[in-house]
Amino acid sequence: MDNSPSSASSMVTLSRCIKNKIFCFCGVPCKIQTSGTSKNHGRKFFGCGRFDGYTKYCNYFLWCDEDDEVKEMEEMIALVVAQRSDTLILQEKIEKMNTDLSVLIKTVETMNEDLIVLSKIVRQVRLKIARFK
């Protein structure tokens with residue numbers, strides 16, 4: 001697999017942006033660098049903040065002119081993550097409500113059984129009372 005900035009660009013499409021600073025996957029602010037390739041000569045890009053010209057760390061790469069698109073994507077991803085979180089919370093609430101409902105159903109069933117037993121006892125008591133009259 002090619003580890004050139006061009007292939008890294010296709011692999012890495014999102015940045016982490018905090019207070020208008022873009023951070024690489026190492027967690028440090030990106031450095032703005034200039035492409036030296038013939039295809040993109042002079043084009044600015046965000047690269048790993050730890051890259052020293054020789055040692056590659058996280059291979060973070062993003063063209064500077066793609067930054068606005070990435071920020072929009074990040075905002076959409078943040079919304080999806082928030083909605084996913086809300087969905088999980090709602091699922092947990094539904095599960096608890098289902099558990100509570102099951103308990104209530106069992107309670108009602110038990111009360112119905114008790115009511116049947118009590119009804120039989122009341123009938124027997126009424127019969128005994130009617131015999132003594």
Side-chain angles (χ1 to χ4, degrees):
M1 184 165 143
D2 183 15
N3 284 334
S4 68
S6 297
S7 69
S9 173
S10 62
M11 292 173 11
V12 180
T13 57
L14 299 178
S15 66
R16 291 172 37 203
C17 183
I18 301 171
K19 293 185 181 178
N20 297 325
K21 280 191 176 182
I22 296 176
F23 290 75
C24 68
F25 300 120
C26 295
V28 296
C30 288
K31 292 180 184 176
I32 296 178
Q33 300 175 45
T34 305
S35 172
T37 65
S38 58
K39 183 178 178 182
N40 293 296
H41 187 75
R43 191 174 177 191
K44 302 283 185 191
F45 66 92
F46 296 100
C48 175
R50 296 175 65 197
F51 182 67
D52 59 10
Y54 302 103
T55 308
K56 290 184 180 182
Y57 289 92
C58 68
N59 287 331
Y60 183 84
F61 179 86
L62 174 69
W63 291 116
C64 290
D65 52 12
E66 293 175 353
D67 186 41
D68 290 337
E69 293 173 26
V70 169
K71 287 179 184 175
E72 286 178 31
M73 289 175 70
E74 285 176 334
E75 289 172 5
M76 288 189 292
I77 287 172
L79 286 172
V80 169
V81 168
Q83 288 176 345
R84 175 74 176 139
S85 177
D86 291 346
T87 300
L88 291 174
I89 290 169
L90 289 172
Q91 284 175 336
E92 289 173 2
K93 287 181 179 182
I94 289 170
E95 287 174 16
K96 183 176 181 343
M97 291 172 79
N98 283 334
T99 301
D100 292 346
L101 180 60
S102 293
V103 169
L104 286 172
I105 288 170
K106 287 179 183 177
T107 302
V108 167
E109 288 171 350
T110 302
M111 292 174 77
N112 280 335
E113 291 168 1
D114 291 346
L115 184 58
I116 291 169
V117 169
L118 286 173
S119 293
K120 288 179 182 177
I121 293 171
V122 167
R123 262 189 252 126
Q124 289 173 354
V125 168
R126 284 184 181 163
L127 285 174
K128 287 181 182 180
I129 291 174
R131 284 187 200 151
F132 287 116
K133 287 185 178 182

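The figures that follow rest on heavy atoms only: side chains count, while hydrogens, waters and symmetry mates do not. Numbers for residues simply follow the sequence, beginning at 1.
- With rounding to the nearest 0.5 Å, the separation of CZ in Phe46 from SG in Cys30 is 7.0 Å.
- Phe25 and Leu62 fall within the same hydrophobic cluster, defined by Ile, Leu, Val, Met, Phe, Trp and Tyr side-chain heavy atoms under 4.5 Å apart, directly or through other members.
- Between Phe45 and Thr34 the shortest heavy-atom distance is CE2-C, 3.6 Å.
- Partners of Asp86 under the side-chain hydrogen bond (donor to acceptor under 3.5 Å, both in side chains) rule, at least two apart in sequence or in another chain, do not exist in this structure.
- Between Cys26 atom SG and Phe51 atom CZ the span is 12.0 Å, to the nearest 0.5 Å.
- Under the 4.5 Å side-chain heavy-atom criterion for grouping Ile, Leu, Val, Met, Phe, Trp and Tyr, Leu88 is not connected to Met97 through any hydrophobic cluster.
- To the nearest 0.5 angstrom, Phe61 atom CZ is 9.5 Å from Gln33 atom CD.
- Side-chain contact between Trp63 and Asn40: present, with at least one pair of heavy atoms (C-beta onward) separated by less than 4.5 Å.
- In terms of the side chain to side chain contact (heavy atoms under 4.5 Å, CB included) criterion, Leu127 has no residue partners (sequence neighbours excluded).
- The stretch residues 106-132 participates, sequence neighbours left out, in no side chain to side chain donor-acceptor pair (under 3.5 Å) pair at all.
- Ile32 and Val28 fall into different hydrophobic clusters, where Ile, Leu, Val, Met, Phe, Trp and Tyr are joined by side-chain heavy atoms under 4.5 Å apart, directly or via other members.
- Taking CE of Met111 as the reference point, atom CG of Leu118 lies at 10.5 Å (rounded to 0.5 Å).
- When the side chain to side chain contact (heavy atoms under 4.5 Å, CB included) test is applied to Ile89, the partners found at least two apart in sequence or on another chain are Ser85, Lys93.
- Ile105 shares a hydrophobic cluster with Leu101; the chain of contacts runs through ILVMFWY side chains whose heavy atoms sit under 4.5 Å apart.
- Lys31 meets the side-chain hydrogen bond (donor to acceptor under 3.5 Å, both in side chains) test with no other residue; sequence neighbours excluded.
- In this structure, the separation between SG on Cys48 and OH on Tyr57 is 8.0 Å, given to the nearest 0.5 Å.
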